[in-house]
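Following: one structure in structure tokens, then a few remarks.
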Amino acid sequence: MMRKTSLILLSAATGAALTLFVTQPRAVLMGSSARAATSDTYRQLNLFGDVFERVRSDYVEKPDDSKLVESAISGMLSGLDPHSSYMDAKSFRDMQVQTRGEFGGLGIEVTMEDGLIKVVSPIDDTPASKAGIMANDIITQLDDEQVQGLTLNQAVEKMRGPVNTKIKLKIIRKGQDNPIDVTLVRDNIRVRSVRAHVEADDIAYIRITTFNEQTTEGLKKEIANLQGQIGDKLKGYIIDLRNNPGGLLEEAVTVSDAFLERGEIVSTRGRNAEETQRRTAHPGDLTKGKPVIVLINGGSASASEIVAGALQDHKRATLVGTRSFGKGSVQTIIPLGSGNGALRLTTARYYTPSGKSIQAKGIVPDIEVLQDVPDELKARTDTKGEASLRGHLKNDGDEKTGSQSYVPPDAKDDKALKMADDLLHGIKSTANATTPPAPAAATDKAAGDKPAGKSDN
């Protein structure tokens with residue numbers, strides 16, 4: 001019988017990603033040394049049982065047995081590496097929502113401000129935008145319950161729910177004397193993981209913020225839209241993967257395939273040789289051979305590094321920015337049955353088409369471009385990358401620390417974007433492209449496109 005498991009590439013900081021992977025059961029041939037090792041293992045399990053019973057009977061307060069077991073499981077997994085962990089039932093459901101990229105909700109991006117929920121922006125063509133919800137609106141009540149006192153996650157959970165169910169919001173809007181009551185009907189909301197615009201009149205700029213089940217579909221749509229807008233004067237594409245923490249392995253493969261005609265995209269190698277899998281490209285470059293620049297930085301991790309590594313190794317794209325995060329491992333999601341959550345277990349390393357592991361090293365861009373980081377942000381935007389995580393998988397040779405991952409909020413200050421523009425316009429070439437180092441370059445965590453403390457619902 002074949003066992004289905006779920007293969008993922010976790011982000012370096014948060015979140016998880018999911019794609020189906022089928023494995024064959026292993027035959028077990030046990031020699032005397034294996035039997036001895038098994039016997040020793042069972043002695044250790046007996047020790048665990050003794051400790052468990054002693055805690056249950058003698059701890060100063062009566063403990064919750066289920067929490068004891070969950071804590072033991074969590075401790076076992078977290079001791080393996082930074083990306084293996086136990087997810088309880090709620091965490092497992094949240095991960096599934098994240099990787100699907102769609103859920104029942106209202107269609108607003110929100111953040112917490114002074115204990116209240118502030119609307120960052122409504123998502124186009126959703127219940128929120130149709131009802132006239134505006135950026136900077138303050139949500140004070142949800143179904144007549146005060147928001148103050150709730151965490152951001154608790155408020156978001158209340159706003160999400162089954163499609164076609166109603167929720168009432170009380171809103172304070174600047175310029176309005178009285179609060180506004182709005183009743184919305186939840187709809188199916190798709191998270192936009194791909195955003196695009198025309199850059200400098202003749203360049204297609206595409207920003208990928210995460211790799212969920214909607215990413216490849218969104219990429220194809222934006223490529224077609226940009227080709228229609230720009231027409232024959234299209235110079236090339238800028239694919240911005242900066243601060244993209246990763247996501248679905250399958251989406252990383254299909255996004256890479258969109259720019260390639262042939263060749264290997266990535267290989268994954270587990271503990272046993274028979275577990276090696278290779279993913280290859282299919283004919284059909286959606287960009288029709290146009291030049292491609294990929295922007296990466298210290299926040300580009302996991303699935304982002306698969307795409308960057310594949311396009312770099314095939315010389316299909318020029319990488320601009322700073323060295324990526326360096327997460328070169330694959331996690332498998334193993335459901336534990338109804339109500340029991342799931343294991344998130346590191347089961348393989350992945351390798352770029354040239355056979356290189358980027359684990360704890362990252363991908364070095366073809367052209368390094370350092371940004372000018374404001375003084376007030378330098379102390380808060382610093383990370384060391386995968387190599388700094390306690391218990392990370394080791395790699396052969398010298399491991400590398402993290403790199404700068406600050407992205408200026410104003411495009412005119414974005415040196416990497418300016419370099420990409422110049423390369424596509426022929427103002428600079430890869431042979432002579434240089435950029436002066438920014439003073440006291442800083443780094444930040446590999447994080448998603450949204451600032452910490454924001455959420456979609």
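Atom set for the values below is all heavy atoms of this structure, side chains included, hydrogens, waters and symmetry mates excluded.
Residues passing the side-chain hydrogen bond (donor to acceptor under 3.5 Å, both in side chains) test with Thr352 are Asp313, Ser354, sequence neighbours excluded. Every residue was checked against the side chain to side chain contact (heavy atoms under 4.5 Å, CB included) condition with Ser78, not counting sequence neighbours, and none meets it. Residues forming a salt bridge (Lys or Arg N to Asp or Glu O under 4.0 Å) with Asp410 (at least two apart in sequence, or on another chain): Lys412. In this structure, the side chain to side chain contact (heavy atoms under 4.5 Å, CB included) partners of Thr165, at least two apart in sequence or on a different chain, are Pro162, Arg186. Residues passing the side-chain hydrogen bond (donor to acceptor under 3.5 Å, both in side chains) test with Lys158 are Glu145, sequence neighbours excluded. Residues forming a ring pair (Phe, Tyr, Trp, His ring centres under 6.0 Å) with Tyr351 (at least two apart in sequence, or on another chain): none. Residues passing the salt bridge (Lys or Arg N to Asp or Glu O under 4.0 Å) test with Asp398: none are found, sequence neighbours excluded. For the side chain to side chain contact (heavy atoms under 4.5 Å, CB included) test, residues two or more places apart in sequence or in another chain that qualify with Lys394 are His392, Glu399. Considering only residues two or more places apart in sequence or on other chains, Lys130 meets the side chain to side chain contact (heavy atoms under 4.5 Å, CB included) condition with Asp125. For Asp143, the side-chain hydrogen bond (donor to acceptor under 3.5 Å, both in side chains) criterion is met by no residue, not counting sequence neighbours. For Asp414, the salt bridge (Lys or Arg N to Asp or Glu O under 4.0 Å) criterion is met by Arg242, not counting sequence neighbours. Remark: Arg262 engages no residue in a salt bridge (Lys or Arg N to Asp or Glu O under 4.0 Å) (not counting sequence neighbours).
Of the possible donor and acceptor atoms, none in the side chain of Glu264 sits under 3.5 Å from a partner among the backbone N and O of Arg278. Formation of a donor-acceptor pair under 3.5 Å by the Asn340 side chain with backbone atoms of Leu336 is found in this model. Under the 3.5 Å distance criterion, the side-chain polar atoms of Arg190 are left unmatched by any main-chain donor or acceptor of Phe103.
Electrostatic pairing of Lys67 and Glu70 does not count as a salt bridge here, judged by no charged N lying under 4.0 Å from a carboxylate O. Between Arg323 and Glu368 there is no salt bridge, since none of the side-chain N atoms of the basic residue sits less than 4.0 Å from a carboxylate O of the acidic one. Under a 4.0 Å N-O distance rule, the pair Asp181/Lys168 does not qualify as a salt bridge. Salt bridge Asp94/Lys90: present, at least one basic N to carboxylate O contact under 4.0 Å.
Looking only at side-chain heavy atoms (C-beta outward), Ile358 and Tyr350 come within less than 4.5 Å of each other.
Other residues, nucleotides and ligands contribute over 12 non-hydrogen atoms within 6.0 Å of the NZ atom of Lys356.
Partner of Thr215 under the side chain to side chain contact (heavy atoms under 4.5 Å, CB included) criterion, chosen from Thr254, Thr209, Ile208: Ile208.
Between the side chains of Gln404 and Gln371, no donor N or O sits under 3.5 Å from an acceptor N or O. Using modelled atom types and a 3.5 Å distance limit, the side chains of Ser84 and Asp81 yield a donor-acceptor pair.
Annotation: cation-pi geometry not satisfied between Arg316 and Phe259 (NZ/CZ under 6.0 angstrom from ring centroid, within 45° of ring axis).
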